[in-house]
Colleague: 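The structure's right below; bear with me while I get my questions together.
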Amino acid sequence: MDAVRHRVGTGHRALTNNLSDGKLAILSHLESLSPLSDNDRELLASATGPSVTWRAGHELIACDALLDEPVFLVSGWVGRVVNLSDGRRQVVAFYIPGDLVGFSSRSDARARASHVCLTNVVTASAREVIRHIRHEPFRYAALAAALNAVEDEINKGLIDQIVRVGRMAAHERMIHLIADLYRRHRRAGVGVANGFVFPLTQDTLGDALGLSTVHVNRTLQQLRRERIIKTAAGTIEITDPALLAEQSRNS
């Protein structure tokens, strides 16, 4: 087993609270996609695997690996990353707490990009949950519908990313990404006030938006001047959610 992996104990109160919040985020995310029954909730409670932690930089899923070990993201951020031969990289998607990472409805599907821990990450295996859903789709009909919605969202996210990087100006790219992350955090119930924890470096943000670090910095400064966001201590606060929503629709 990888040396950076270890099982998470329950002795530390802050860590325990964080794991509890993350497991609620999983439930909130799936519930937002398809209203769950008591059977669905019981399955999530009983069949979700134990929590495991990984260090920032660890490759959870290698490019071309079989997608046969899906996990729920309990805490931290994971990026879906394409690495070029000269060291450059493109982040094509972000996973946040509550998300299902490495899932495909096809049994022979392979990862077309690497899945990398962008921060320290805690995951829980979703394999047994998905196995039960596939064996008893009528009993767990709402969860089966949620899995279909997860796959649809993955495809939509890739289209959004293509449009974002291919056709939007820097200011539009940043607004569009922040609006999407804000919506997803609120849906999973892991936001803070009118915002969310944002642990990404400007380098990583540049890798996602196709911008230099200097350009990322200038764009964030512009959004602060326009009073759309505030940034402090690894968080983004949405100063005017209605304005953010309006500008992201126009992007």
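Quick caveat, the model's predicted, so the values are computed rather than measured. Only heavy atoms go into these numbers, but all of them, side chains included; no hydrogens, no water, no symmetry mates.
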Colleague: For residues T235 and K230, determine if any side-chain heavy atom of one lies less than 4.5 Å from a side-chain heavy atom of the other.
Modeller: no
Colleague: Test S37 against D40 for side chain to side chain donor-acceptor pair (under 3.5 Å), laying out the working first.
Modeller: CA-CA 5 Å; S37 68; D40 296 315; 2.9 Å; yes
Colleague: When rounded to the nearest 0.5 angstrom, what is the spacing between CG in L181 and CG in L200?
Modeller: 8.0 Å
Colleague: Any side-chain heavy-atom pair from L143 and H132 closer than 4.5 angstrom?
Modeller: no
Colleague: Is I26 close to H29 at the side-chain level, that is, under 4.5 Å between some pair of heavy atoms?
Modeller: no
Colleague: Could you walk me through whether L36 and L44 pass side-chain contact (heavy atoms from CB on, under 4.5 Å), step by step?
Modeller: CA-CA 10 Å; L36 303 183; L44 287 171; 3.9 Å; yes
Colleague: Under the side chain to side chain contact (heavy atoms under 4.5 Å, CB included) test against L60, which residue among V116, L73, T123 passes?
Modeller: T123
Colleague: How close do E128 and A47 get, heavy atom to heavy atom, and via which atoms?
Modeller: CB-O, 3.6 Å
Colleague: Ignoring hydrogens and geometry beyond distance, is a side-chain donor-acceptor pair present between R89 and T204 at under 3.5 Å?
Modeller: yes
Colleague: Quiz question: by atom type and distance under 3.5 Å, do the side chains of Q221 and N217 form a donor-acceptor pair?
Modeller: yes
Colleague: Would you say CZ of R127 has more than 12 non-hydrogen atoms from neighbouring residues, nucleotides or ligands within 6.0 angstrom?
Modeller: no
Colleague: Shared ILVMFWY cluster between L33 and L100, side chains joined below 4.5 angstrom?
Modeller: yes
Colleague: Hey, does F103 have a side-chain heavy atom less than 4.5 Å from the side chain of L147?
Modeller: yes
Colleague: Please name the pair of heavy atoms, one in G195 and one in Y182, separated by the smallest distance, quoted to 0.1 Å.
Modeller: N-CE1, 3.9 Å
Colleague: What I want to find out is whether R167 reaches E172 closely enough, with some N-O distance under 4.0 Å, to be called a salt bridge.
Modeller: no
Colleague: Judged by atom type as modelled, is there a donor-acceptor pair below 3.5 Å linking the side chain of T119 to the main-chain atoms of W77?
Modeller: yes
Colleague: Over all heavy atoms of both residues, which pair between A188 and P97 is shortest? Give the atoms and the distance, please.
Modeller: CB-O, 3.8 Å
Colleague: Using a 4.5 Å cut-off on heavy atoms from C-beta on, say whether the side chain of E246 contacts that of R249.
Modeller: yes
Colleague: What's the shortest heavy-atom distance between P35 and A142, and which atoms?
Modeller: O-CB, 3.2 Å
Colleague: Quick one: does any side-chain atom of Q90 pair with a main-chain N or O of V81 as donor and acceptor, under 3.5 Å?
Modeller: no
Colleague: Stepwise, does the side-chain contact (heavy atoms from CB on, under 4.5 Å) test hold for M174 with L205?
Modeller: CA-CA 9 Å; M174 192 71 72; L205 204 47; 3.8 Å; yes
Colleague: For side-chain contact (heavy atoms from CB on, under 4.5 Å), just list the numbers for Y140 and N39, CA-CA rounded to whole Å, side-chain angles, deciding distance to a tenth of an Å, and then say yes or no.
Modeller: CA-CA 7 Å; Y140 304 113; N39 282 339; 4.1 Å; yes
Colleague: Would you say the side chain of I229 lies within less than 4.5 Å of the side chain of R224, judging by non-hydrogen atoms?
Modeller: yes
Colleague: Does V165 belong to the same Ile/Leu/Val/Met/Phe/Trp/Tyr cluster as M168, with side-chain heavy atoms less than 4.5 Å apart forming each link?
Modeller: no
Colleague: Is it the case that more than 12 heavy atoms not belonging to R41 sit under 6.0 Å from its CZ atom?
Modeller: yes
Colleague: Tell me whether L66 is reachable from I61 by hopping between hydrophobic residues (I, L, V, M, F, W, Y) whose side-chain heavy atoms are closer than 4.5 Å.
Modeller: no
Colleague: Do H176 and V163 have side chains that get closer than 4.5 Å, going by heavy atoms?
Modeller: no
Colleague: So which heavy atom on Q202 is nearest to which on T213, and how close?
Modeller: OE1-O, 3.7 Å
Colleague: Do D180 and F94 have side-chain heavy atoms sitting under 4.5 Å apart?
Modeller: no
Colleague: Hey, do the aromatic rings of H115 and Y95 have their centres closer than 6.0 Å?
Modeller: yes
Colleague: Is there a side-chain contact (heavy atoms from CB on, under 4.5 Å) between R139 and L43? Walk through the geometry before answering.
Modeller: CA-CA 10 Å; R139 183 177 184 184; L43 178 63; over 6 Å; no
Colleague: Do other residues, nucleotides or ligands put more than 12 heavy atoms under 6.0 Å from the CZ atom of R131?
Modeller: yes
Colleague: With distance as the sole test, does D99 use its side chain to make a donor-acceptor pair with the main-chain N or O of V101 at under 3.5 Å?
Modeller: no
Colleague: Ignoring hydrogens and angles, tell me if any N or O in the side chain of Q222 forms a donor-acceptor pair with the backbone of H171 under 3.5 Å.
Modeller: no
Colleague: Indicate the atoms forming the closest heavy-atom contact of Q161 with V92, along with that distance.
Modeller: CG-O, 3.6 Å
